[in-house]
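Working notes, beginning with the structure itself.
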Amino acid sequence: MSEFESRAGITDAEPCPYLPDRQWQSFILQPAGPLSAEIHEAMLDQGFRRMGQLLFRPLCPTCSACRSLRLDVNKFALNKSRRRLMRRNADLTVELAPPQYSEEKRALLERYLDARHVGPMVAEEQSMLQYMFSGTDHSYEFSYRDADERLIGLGLFDLTANVGSSVYFYFEPAESRRSLGTYSMLREIEFTKNAGARWFHPGFYIEGCAAMDYKARFQPAEIMDENRLWGPFST
């Protein structure tokens, strides 16, 4: 990983966005050039996530609640509730394309942040271009539109030879009955499997964070331990 050696650092401690009584710090890596799919996959296997051109993983001195998850897509199967969810959203059009910023996507993110996050979070064009729509040559976006062609969900996603990785997803708060977060995971798992990759990474599972509980319902899964080793995950 020599290409990262001169571009590594640790962020300052700040309030954790997931567990309000904790502090959050990250170990950051910035590639010296374009992030190849091969290097990206190796870093995902070590517990890193991508944000724009940066790779990061939590490095909190007093907490280890954030742990990477992965699912073997060849062992994953739809149960009755997930089949019902797929039928509930059958009216949606799902578009797959390279990530591209638009005012429509910014406005949706602003509504999502206003409804779902406590504290000052603003959807700004510059920040979105830097941290969301600055991807790789193996990055995609899933756009979810209703029958009126309204954008009601946007998922950012990376695909390497063996890994599909969910980067970020946000949705129209007024459409919460659709369970779009879960639905988007099902569509991304399906895409990962159809592409011939084995693993789907949904991001961090954070014990004690209710907003992350839904990830634990996707089984069978593996979770990364404090020694960066993968093992079976169950709750």
Side-chain angles (χ1 to χ4, degrees), residues 1 4-31 35 39-40 42-70 106 109-136 139 154-158 163 165-171 173 181 184-185 200-218 221-231 233 235:
M1 299 301 170
F4 295 117
E5 287 179 358
S6 64
R7 298 172 180 265
I10 299 174
T11 63
D12 294 333
E14 58 185 28
C16 177
Y18 303 105
L19 300 173
D21 60 334
R22 314 284 176 89
Q23 291 286 298
W24 166 283
Q25 281 184 284
S26 294
F27 178 48
I28 299 288
L29 297 174
Q30 182 173 8
L35 180 63
I39 292 290
H40 192 178
M43 303 309 289
L44 286 165
D45 286 342
Q46 295 179 40
F48 282 89
R49 306 291 301 160
R50 184 182 68 81
M51 180 178 63
Q53 299 299 311
L54 302 177
L55 295 169
F56 73 97
R57 68 184 179 198
L59 189 66
C60 307
T62 61
C63 180
S64 58
C66 294
R67 301 167 67 188
S68 290
L69 279 180
R70 69 181 186 182
R106 189 209 63 78
L109 179 61
E110 186 170 81
R111 294 193 297 276
Y112 173 80
L113 293 176
D114 286 346
R116 306 286 293 193
H117 286 269
V118 178
M121 297 188 72
V122 180
E124 296 179 337
E125 178 178 353
Q126 183 176 356
S127 178
M128 292 179 69
L129 286 169
Q130 182 176 0
Y131 294 115
M132 297 179 66
F133 292 93
S134 174
T136 70
S139 295
L154 195 286
L156 300 170
F157 179 83
D158 295 329
V163 176
S165 175
S166 184
V167 178
Y168 192 70
F169 178 77
Y170 61 94
F171 61 90
S184 70
M185 283 185 63
F200 172 71
H201 289 227
F204 297 120
Y205 172 71
I206 305 172
E207 186 175 0
C209 177
M212 297 292 175
D213 284 349
Y214 73 99
K215 293 182 181 181
R217 296 193 288 270
F218 283 76
E222 294 186 356
I223 195 165
M224 182 172 284
D225 66 19
E226 294 182 3
N227 296 315
R228 309 295 176 193
L229 299 174
W230 293 100
F233 172 62
T235 56

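Remember, it's a predicted structure, so these values are computed and weren't measured experimentally.
Note that CZ of R106 and CG of L129 are 11.5 Å apart. Values are rounded to the nearest 0.5 Å. Here the CD1 atom belonging to I39 is positioned 11.0 Å from the CG atom belonging to L29, to the nearest 0.5 angstrom. In this structure, CG in L229 is found 13.0 Å from CD1 in I223, a value given to the nearest 0.5 Å. Between atom CG of residue L19 and atom SG of residue C63 there is a gap of 6.0 Å, rounded to the nearest 0.5 Å.
What you find for Y170 and M132 is that their closest heavy atoms are CE2-CE, 3.5 Å. Across every non-hydrogen atom of E222 and F233, the tightest pair is C-CB, 4.0 Å. The two residues Q25 and T11 have their closest heavy-atom pair at NE2-O, 3.0 Å. Of all heavy-atom pairs between A65 and R22, the closest is CB-NH1, 4.4 Å. Nearest heavy-atom pair across M185 and P202 is CE-CB, 3.6 Å. The two residues D213 and C209 have their closest heavy-atom pair at OD1-O, 3.4 Å.
Side chain of S139 to main chain of D158: no donor-acceptor pair is present (N/O by atom type, distance under 3.5 Å, no hydrogens or angles). Without hydrogens or angle criteria, D225 side chain to N227 main chain gives a donor-acceptor distance under 3.5 Å. Under a 3.5 Å cut-off, the side chain of R57 and the backbone N or O of L59 do not form any donor-acceptor pair. Put simply, the side chain of R67 gets close to the backbone of M224: a donor and an acceptor are under 3.5 Å apart.
Between K215 and I206, every side-chain heavy-atom pair lies at or beyond the 4.5 Å cut-off.
Ring geometry, Y168 versus Y112: the interplanar angle exceeds 60°, so the pair is classed perpendicular (tilted spans 30 to 60°). Ring planes of W24 and Y18: tilted class, angle from 30 to 60°.
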For L54 and F56: C-alpha separation, side-chain torsions, deciding distance, then whether side-chain contact (heavy atoms from CB on, under 4.5 Å) applies.
CA-CA 6 Å; L54 302 177; F56 73 97; 5.8 Å; no
Show your reasoning for whether side-chain contact (heavy atoms from CB on, under 4.5 Å) applies to H40 and L55.
CA-CA 9 Å; H40 192 178; L55 295 169; 4.2 Å; yes
Would you sort out whether Q23 and T62 count as a side-chain contact (heavy atoms from CB on, under 4.5 Å), showing the intermediate values?
CA-CA 8 Å; Q23 291 286 298; T62 61; 5.7 Å; no
What verdict does the side-chain contact (heavy atoms from CB on, under 4.5 Å) test give for L154 and F169, after you've listed the backbone C-alpha separation in whole Å, the side-chain angles of each residue and the deciding distance to 0.1 Å?
CA-CA 6 Å; L154 195 286; F169 178 77; 5.8 Å; no
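Judged purely by distance below 3.5 Å, without hydrogens or angles, the side chains of S68 and R228 never pair a donor atom with an acceptor atom. For Q53 and S134, the side-chain atoms include at least one donor-acceptor pair closer than 3.5 Å.
Dense packing is recorded around CG of D21, with more than 12 heavy atoms of other residues, nucleotides or ligands lying under 6.0 Å away. By the neighbour-count criterion of 12 heavy atoms within 6.0 Å, atom OH of Y131 is sparsely surrounded, having that number or fewer from other residues, nucleotides or ligands.
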